Structure formats: C-alpha cells, structure tokens
Asker: 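Okay, handing you the structure first.
Note that ligands are numbered from 1 as they come in the structure, with each ligand's atoms numbered from 1 the same way. No experiment lies behind these values; they were computed from the predicted model shown.
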Amino acid sequence: MKKLIVGNFKMNTVPSEFKAYAMSLATKTQNSKNDIVVCPPFTHLAVAREFLGGSRVEVGAQNISEEESGAFTGEISAKMIKDAGANYVIIGHSERRSKFKETDKLINKKIKTALASGLKVILCVGESLQTRQNKQTCAFVRKQIDDDLKGIYENELESVIVAYEPIWAIGTGKVATKSDIAKMVEIIRKEIALQYSEKAGNSIKVLYGGSININNYAKIISNPALDGALIGGACLDVDNFAVICRENY
Ligand code: PGA
C-alpha cells in the first residue's frame, strides 16, 4: 500500500549539510512508490528546491506565521514558503504547542492562512502522558481536532493531513501499540465524520509519529489503519530515511 512518509528535521543541520542530504535522498528514492516529504528548517528551502526539484521528494516547512504579511519582524509567511518551493507545512507540532505556547486558536488561524496560500497542512495532534494516565486521550484529541479545524470547509480537508503524535512517544523511544494507533486513527476519523461527513472521515489522511526508527518502522507504518508516518530523529540519517521511504508497505 502506498504511504505518505514525512521527515521532520526540527532544528537540525545547516544548509550546506542539507545539500548533500538532498542529493542523496533524491537518488536513493528514485524508484519509491510512496509519497515523500521532507520538512527542513526555513534556511534550507532554497537548497531543497535546487536539489530535490524534479525528484520524488516534495518539500515542506515546519511552521508559518498566522499573519499574511506586514510588520512582524522575524516571522515567515505561508506565501514565502510556498514561493520558496514548499508544498506542505507542519502546523501544531507538540513542540510548538508546549515550547512556544501555541494555542488551538492560533493553530486554527495558521491552518487557514496555509490553506489560503495553497499549502497542504500536516496538523499534529496528540496527548501528553498525564492526559493518557487520566484516561482523557480521546476527549483531548477530539477537542484538538474540533478547535484546530474550526471554520475550515469540507472541500479544504483534501489539503489537510492529520498526524497523531502522542507527546510521550516523541523522541523517547516509546512507541504507541498497533491497537492504540488503530484506535486513535478511528477516533480521529469519527470526529471528522461527525463534524463534516462520513466521506470526509473516511478520506482524510492520518499519519502516526513518535519514535519511529529503522528497526521498528515497517511494523508501524504497514498498519492498514495508517496512511503514513511523520518521522523526526530517524529522518536525519539519509540512508535510514531512504530505506523507510523505499519500503513496500
Ligand atoms: P521522533 O519525532 O520521530 O524523533 O520521535 C517525531 C516528531 O516529532 O514529529
């Protein structure tokens, strides 16, 4: 089954290192049947366009401003990343929610700005360990979906991908179980079906992210409930990431 494999570089590498990475990834994934997206830092986008252009690998950014343009020193807009060659943007990653205090309201605004600029959005949702221990995971994730997608039209959901990333699994080596993942994907689909339609619930793409690595990737990503994966740490090694991108799931 064809999957969507997304690599999130976070704040790692410098543009000159990324050039070698991009050239290598483009070559190594030539025959992949999966859809592949890499999301490097903003400073790498020009290099990404130059060395991934014409390859099987599409490019995304890890964040955008909620504002379109103007006096917002230091910010980067949706239009800027689109013009720089990005087709995707990650919005609402848990590191932005927790370390940069991004609220669902702000995330909702960012999603609208991204969609208006023609970007595809990878919306991250997922619960903390405490929420999980309090058995509030389902309610928490459903509310994230509701708040983050408020006011977004059903036809726009074609450009929205939901990544379920339990916070306790990100960068920790702990992975959600196959049944946990299947259950959460179902919750996400049901919530979309409730807010929009059965069709929308069935057709929205749902990814899993959190401690996927070269040893566990095949088992996780081949889960038929999933449309693909969001990969942090393990995407930094181009050989490993290319193996994950080339797999026949
Ligand atoms: P990880 O990160 O694969 O390093 O756990 C995933 C993510 O934060 O998107």
Asker: Hey, what do you get for CG (Leu230) to SG (Cys124), rounding to the nearest 0.5 Å?
Answerer: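 One finds 5.5 Å between CG of Leu230 and SG of Cys124.
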
Asker: Only pairs at least two apart or in different chains count here, so list each side chain to side chain donor-acceptor pair (under 3.5 Å) that has a residue in residues 5-15.
Answerer: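 Non-adjacent pairs meeting side chain to side chain donor-acceptor pair (under 3.5 Å): Lys10-Glu95, Thr13-His44.
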
Asker: Name all pairs fulfilling the side chain to side chain donor-acceptor pair (under 3.5 Å) condition that reach into residues 152-161, sequence neighbours left out, sorted by first residue then second.
Answerer: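 Listed by first then second residue: Glu154-Ser197.
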
Asker: At less than 4.0 angstrom from any atom of ligand 1, which residues have a non-hydrogen atom? List them by chain and residue number.
Answerer: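 Residues within 4.0 Å of ligand 1: Asn8, Lys10, His93, Glu165, Ala169, Ile170, Gly171, Gly210, Ser211, Leu230, Ile231, Gly232, Gly233.
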
Asker: Test of understanding: with salt bridge (charged side-chain N to carboxylate O under 4.0 Å, His left out), list the residues that count as partners of Lys3, not counting sequence neighbours.
Answerer: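 In terms of salt bridge (charged side-chain N to carboxylate O under 4.0 Å, His left out), with neighbours along the sequence ignored, Lys3 is linked to no residue.
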
Asker: Run the salt-bridge test on Glu58 and Lys120 with the 4.0 Å N-O cut-off and return the result as yes or no.
Answerer: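 Salt bridge between Glu58 and Lys120, a charged N being under 4.0 Å from a carboxylate O: no.
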
Asker: Would you call Asp180-Arg132 a salt bridge at under 4.0 Å N-O?
Answerer: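 So Asp180 pairs with Arg132 through a salt bridge.
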
